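Have a look at the structure below before the remarks.
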Amino acid sequence: MSAPNKSYDPVEVEALKPEEIERMRDEALAAFAAADSLDALHEAKVAHTGPASPLALANREIGALPPHAKADAGKRVGMARGAVNKALAARQSELEAERDARVLVEEAVDVTLPHDRVPAGARHPLTTFMERVADVFVSMGYEIAEGPEVEAEWFNFDALNFTPDHPARQMQDTFFVEGPEGDRGESGVVLRTHTSPVQARSLLDREPPVYIVCPGRVYRTDELDATHTPVFHQIELLAVDEGLTMADLKGTMDHMVQSLFGADMKTRLRPNYFPFTEPSAEMDMLCYVCKGESVGNPDRPCRTCSSEGWIELGGCGMVNPRVLVACGVDPEKYSGFAFGFGIERMLMFRHNVEDMRDMVEGDVRFTRPFGMEI
Ligand code: PHE
């Protein structure tokens with residue numbers, strides 16, 4: 001370390017001349033002002049405030065000055081460095097603000113721009129509607145049950161008390177996969193003609209109490225036209241418990257139509273016959289459009305119910321004790337009710353679909369108005 005030189009004259013130290021210090025300061029200020037990016041500013045910062053910058057070097061010279069000269073030079077250099085640091089900080093925040101504003105603009109998303117992406121697919125309205133109906137029952141504690149679409153004739157007919165000569169078994173109604181003369185003995189194999197075989201399957205599978213709904217596909221030998229399709233969907237409901245009566249059936253159905261069509265809906269029963277229910281009934285629901293007000297009122301005709309006031313829903317009844325016996329359930333202890341109806345028909349009147357073919361042809365122009373429910 002060298003001792004301070006008593007004869008040292010600060011004026012003669014080039015770097016500490018006032019005009020030199022001013023020049024260094026002004027160069028630094030100009031470099032900061034010229035920096036047009038944060039990177040450029042960083043370079044200018046290193047060059048003008050770093051340990052090798054002219055002002056830092058000048059500062060180091062002060063230590064070598066005689067005491068009487070130190071204060072003056074120190075003050076000048078200190079003020080210059082202060083001004084430089086202040087300008088640096090100001091430019092830094094200016095450039096940061098510019099960057100933030102630019103990022104906001106560059107990364108902004110215009111949600112109103114048209115897009116050319118392939119639209120997302122959605123499930124078919126039949127599927128979503130069928131699930132909505134099933135959900136009504138699931139919320140009441142029912143379980144979803146399933147059965148095969150290629151079904152043993154025994155489940156489709158025999159277990160359900162269809163006699164061997166029942167007309168529904170004949171070829172004109174039923175798709176046979178394998179006739180009764182096949183190697184399975186008495187029972188052939190069919191495409192199920194209704195979801196009711198799931199009643200028998202569920203009773204064989206479970207111990208009562210049984211509360212199930214089965215949405216599914218069924219088949220009948222119909223030509224595809226405006227009101228028929230050989231493949232369609234049904235929802236089956238079965239409840240077997242102690243003490244169930246027709247009042248429970250009616251109450252359950254009223255709840256279903258109220259959930260689907262509104263609180264002021266109701267159902268009515270008309271006598272009918274099914275081999276697997278006794279007594280059996282046809283279930284109608286109040287027309288949800290005219291609420292029955294079109295009946296006998298020619299001024300207010302209703303297209304939905306053809307001014308009849310009621311819409312046919314499906315078949316129902318108390319489970320025939322013979323079915324309970326065939327499935328190993330004691331009819332002295334248990335009783336049950338069942339209900340089955342077609343989803344296509346319900347979707348048709350609920351959405352004014354005039355031609356059943358629209359539902360099966362897969363044209364998105366039909367499904368799009370139902371929305372993108374998934
Ligand atoms: N399975 C019957 C049909 O397809 C409907 C039905 C279900 C009737 C349950 C009574 C009970 O027509």
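Everything numeric in this text was worked out from a predicted model, so none of it was measured. In listed order, ligands and their atoms are each counted from 1. All values below come from the heavy atoms of this structure, side chains included, with hydrogens, waters and symmetry mates left out.
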Cation-aromatic face contact R220/F232, 6.0 Å, 45 degrees
no
Run the side-chain contact (heavy atoms from CB on, under 4.5 Å) check on V319 and L238 step by step: do they pass?
CA-CA 8 Å; V319 180; L238 172 72; 3.5 Å; yes
Hydrogens and angles aside, do N156 and T193 bring a side-chain donor and acceptor to less than 3.5 Å of each other?
yes
Within 4.0 Å of some non-hydrogen atom of C316, the atoms of ligand 1 are 8 (C), 10 (C), 11 (C)
Do H194 and ligand 1 have an N or O pair less than 3.5 Å apart?
yes
Closest to atom 8 (C) of ligand 1 among protein heavy atoms sits G315 C, 3.4 Å
Near Q234 (heavy-atom distance under 4.0 Å), the atoms of ligand 1 are 3 (C), 4 (O)
Test your reading of the structure: does S196 have an N or O sitting under 3.5 Å from an N or O of ligand 1?
yes
For the aromatic rings, using the six-membered ring if either is Trp, is the centroid distance between H124 and F129 under 6.0 Å?
no
Decide ring-ring contact (aromatic ring centres under 6.0 Å, His included) for F341 and F339; before the verdict, give the C-alpha distance in whole Å, the side-chain angles of both, and the deciding distance to 0.1 Å.
CA-CA 7 Å; F341 70 95; F339 170 66; 5.1 Å; yes
Identity and distance of the protein heavy atom lying nearest atom 7 (C) of ligand 1:
G340 N, 3.3 Å
Tell me which protein heavy atom sits closest to atom 2 (C) of ligand 1, plus the residue, atom name and distance to 0.1 Å.
F276 CZ, 3.8 Å
Test: R350 cationic atom under 6.0 Å from F261 six-membered ring centre, within 45° of axis:
yes
Check: of E236, R220, Q199, min heavy-atom distance to atom 3 (C) of ligand 1 comes from R220
